[in-house]
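Report on the structure given below.
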2 protein chains.
Amino acid sequence: MSSVPTATVSRLVTYLRILTQLEAQGVKKTSSEHLADEAQVSAFQVRKDLAYFGRFGTRGAGYTVPTLRRELRRILGLTRPWSAAIVGVGRLGEAILHYPNFSDYDFVLKGAFDIDPNKVGFELGGVKIDHIDELPRVVREKGIDIGFITVPQTAAQGAADALVRAGVRGILNFAPTIIDVPKEVHVEPVDFLAGLKRLSFYILNPQLREELV
Amino acid sequence: MSSVPTATVSRLVTYLRILTQLEAQGVKKTSSEHLADEAQVSAFQVRKDLAYFGRFGTRGAGYTVPTLRRELRRILGLTRPWSAAIVGVGRLGEAILHYPNFSDYDFVLKGAFDIDPNKVGFELGGVKIDHIDELPRVVREKGIDIGFITVPQTAAQGAADALVRAGVRGILNFAPTIIDVPKEVHVEPVDFLAGLKRLSFYILNPQLREELV
DNA sequence: ATATGTGAATTGATTCACAGCG
DNA sequence: CGCTGTGAATCAATTCACATAT
């Protein structure tokens with residue numbers, strides 16, 4: 001298990017979502033082919049992705065939905081809830097603070113920070129907004145693992161630096177810029193402007209798009 | 001030019017952002033090495049990515065910032081403004097409707113749709129909210145190219161179907177689910193819950209992360 | 001009979017080394 | 001002489017075919 005393609009990790013997340021839907025529908029068994037159809041990949045790919053982590057099926061019979069779902073949750077580290085905090089309570093930050101049933105998704109929002117004195121002290125979505133200067137203390141006291149960056153582009157690197165100094169282990173970066181962090185901190189970008197620009201390219205160059213079958 | 005890696009398209013977007021910042025700072029010249037540092041990739045990679053589309057530099061001297069920026073904007077199709085509409089005016093939809101200076105980003109939001117009669121008829125961020133039944137007419141009349149899906153997961157496929165029937169050419173999908181569209185329509189996912197789950201995996205398995213140079 | 005699991009083959013992307021040009 | 005541009009080599013990911021287990 002020396003290395004796993006990043007694309008495999010993304011697909012595991014997709015398979016887990018499909019399995020969660022199947023379980024909610026009361027479906028008990030599935031197959032690599034069915035998962036592949038739903039995830040828009042090949043059945044080979046599903047089996048190879050799972051093979052990086054072990055054997056989860058029964059030959060001739062397929063996969064048991066609750067079992068495979070549990071295994072994927074374990075592999076992805078979603079058995080305990082992670083603690084998260086949000087830096088930047090603008091409109092996007094507010095939208096995330098109000099995201100319904102966050103804990104259903106294995107994450108708990110425990111902190112929110114902003115630099116604007118008009119926002120500090122208020123509560124949104126059950127979370128108190130602290131001044132950014134309080135970040136180190138709150139992150140330590142509440143055991144925050146993950147920081148969300150929802151500040152403007154120009155403030156993103158500063159927010160990342162503050163989160164790293166306070167000891168978070170991962171950052172979800174909504175700002176449209178690349179941030180620099182030490183190698184032991186992982187960053188996942190969530191950049192809709194970049195997505196829009198890729199869309200522009202592929203609309204103009206449909207022949208350069210990868211096949212979806 | 002039979003095929004271009006999707007990773008290359010993502011990196012072109014990053015290079016363009018860096019060039020835009022350099023131009024705003026009045027910097028006139030740059031190099032593959034400088035761009036590589038900023039984008040957190042190798043200089044080989046920058047030159048190879050650009051080589052898919054032509055020759056844009058001067059040997060021995062590097063790249064002229066405004067020239068390369070203009071070329072990348074042309075390659076990505078960002079010379080004209082694209083028309084976009086948003087389906088689902090919840091908190092996330094509102095956050096996007098208020099996104100400052102959208103037109104600076106080569107996109108113009110011309111329409112917004114919701115199913116809630118309490119929202120229809122109001123205006124947000126200068127855009128009138130129409131009932132979703134009006135989508136086909138408005139998309140045609142306003143020449144909408146791109147649809148944003150910001151509805152709940154269960155409504156995402158229906159929203160996609162409506163957009164496709166109305167003739168959009170691309171979809172930016174913020175809903176945490178895979179949507180099915182005909183192959184001539186391109187979809188870019190913007191899925192922060194998936195990003196969070198990847199983060200969980202990489203925090204637990206730091207040794208499985210790809211090297212960042 | 002059927003669908004998984006996996007080494008081998010293929011395809012694709014990145015890295016390299018240096019030729020080419022200013 | 002310096003930095004780009006690019007074929008060749010390496011490395012990685014996907015696809016395939018089939019052996020394997022139930």
Side-chain angles (χ1 to χ4, degrees), chain A residues 1-12 14-15 18-19 22 27-65 67-69 71-72 75 198 207-213, chain B residues 1-12 14-15 18-19 22 27-65 67-69 71-72 75 198 207-213:
Chain A
M1 208 213 268
S2 70
S3 105
V4 174
T6 52
T8 289
V9 179
S10 290
R11 287 189 297 261
L12 292 179
T14 302
Y15 306 151
I18 295 162
L19 289 161
L22 288 175
V27 177
K28 295 280 182 276
K29 310 285 288 178
T30 187
S31 65
S32 59
E33 194 166 330
H34 179 236
L35 290 171
D37 281 351
E38 294 288 325
Q40 299 182 8
V41 299
S42 70
F44 308 127
Q45 188 74 79
V46 173
R47 299 204 296 275
K48 181 64 88 182
D49 286 337
L50 296 175
Y52 282 107
F53 300 96
R55 302 159 174 212
F56 308 107
T58 310
R59 293 179 194 224
Y63 302 94
T64 306
V65 170
T67 307
L68 185 56
R69 175 164 183 265
E71 291 293 325
L72 283 179
I75 290 165
R198 287 192 295 268
Q207 78 285 4
L208 296 184
R209 195 170 47 139
E210 290 181 356
E211 281 311 316
L212 303 175
V213 178
Chain B
M1 208 211 268
S2 71
S3 106
V4 175
T6 51
T8 288
V9 179
S10 290
R11 287 189 297 259
L12 292 179
T14 302
Y15 305 151
I18 295 162
L19 288 161
L22 288 176
V27 177
K28 295 280 181 276
K29 310 284 289 178
T30 187
S31 66
S32 59
E33 193 165 332
H34 179 236
L35 290 171
D37 282 351
E38 294 288 324
Q40 299 183 7
V41 299
S42 70
F44 308 127
Q45 188 74 79
V46 173
R47 297 203 297 272
K48 180 65 88 182
D49 286 337
L50 296 176
Y52 283 107
F53 300 94
R55 303 159 174 212
F56 308 108
T58 309
R59 294 178 194 223
Y63 302 94
T64 307
V65 170
T67 306
L68 185 54
R69 175 164 183 265
E71 291 294 325
L72 284 180
I75 290 164
R198 288 192 295 269
Q207 78 285 6
L208 296 184
R209 194 168 49 136
E210 290 181 354
E211 282 309 317
L212 302 175
V213 181

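Per chain, numbering begins at 1; letters A, B, ... match sequence-line order. Note: hydrogens, waters and symmetry copies are ignored here, and every other heavy atom, side chains too, is used.
For R47(A) against dG5(C), a side-chain-to-base donor-acceptor contact under 3.5 Å is present. Interface remark: the R59(B) side chain does form a donor-acceptor pair with the dG20(C) base, using a distance-only criterion of under 3.5 Å.
The distance between atom CD of E71(A) and atom P of dG5(C), rounded to the nearest whole Å, is 11 Å. The distance between atom NZ of K48(B) and atom P of dC18(C), rounded to the nearest whole Å, is 16 Å. We find that CG of L50(B) is positioned 14 Å from P of dT14(C), with the value rounded to whole Å. Remark: P of dT4(D) and NE2 of H34(B) are 12 Å apart, rounded to the nearest angstrom. One can place CZ of F53(B) at 15 Å from C1' of dG5(D), the figure rounded to the nearest angstrom. Note: CG (L68(B)) to P (dC3(D)) measures 16 Å, nearest angstrom. Across the protein-nucleic acid pair, Y52(B) atom OH and dA13(C) atom C1' stand 6 Å apart, rounded to whole Å. At whole-Å resolution of the value, CZ in F56(B) and C1' in dC3(D) are 17 Å apart.
Between the side chain of T58(A) and the backbone N or O of A61(A) there is no donor-acceptor pair closer than 3.5 Å.
The closest side-chain heavy-atom distance from V9(A) to Y52(A) is not below 4.5 Å. Between D49(A) and V41(A) the shortest side-chain heavy-atom distance does not fall below 4.5 Å. Here the side chains of V4(A) and F53(A) are in contact, with some heavy-atom distance below 4.5 Å.
Looking at the side chain of P5(A), the nearest of the listed nucleotides dT6(D), dT14(D), dT4(C) is dT14(D). Distance from the side chain of S3(A) is smallest for dA13(D) among the nucleotides dT4(D), dA13(D), dT15(D). Taking only side-chain atoms of Q45(A), from C-beta outward, the nucleotide of dG5(C), dG5(D), dT15(D) with the closest atom is dT15(D).
Proximity of Y63(A) to the phosphate of dT2(C): no side-chain N or O atom is located under 4.0 Å from OP1 or OP2. At dA3(C), none of the side-chain N or O atoms of S32(A) fall inside 4.0 Å of OP1 or OP2 (strictly under the cut-off). Taking side-chain N and O atoms only, S42(A) has a distance below 4.0 Å to OP1 or OP2 of dT15(D). Phosphate contact (OP1/OP2 of dA13(D), side-chain N/O of R11(A), threshold under 4.0 Å): absent.
Ranked by how close their nearest DNA chain D nucleotide is to the 5' end, F44(B) and R55(A) are led by F44(B).
Only one option out of H34(B), E33(B), K28(B) pairs with T30(B) in a side-chain hydrogen bond (donor to acceptor under 3.5 Å, both in side chains); it is H34(B).
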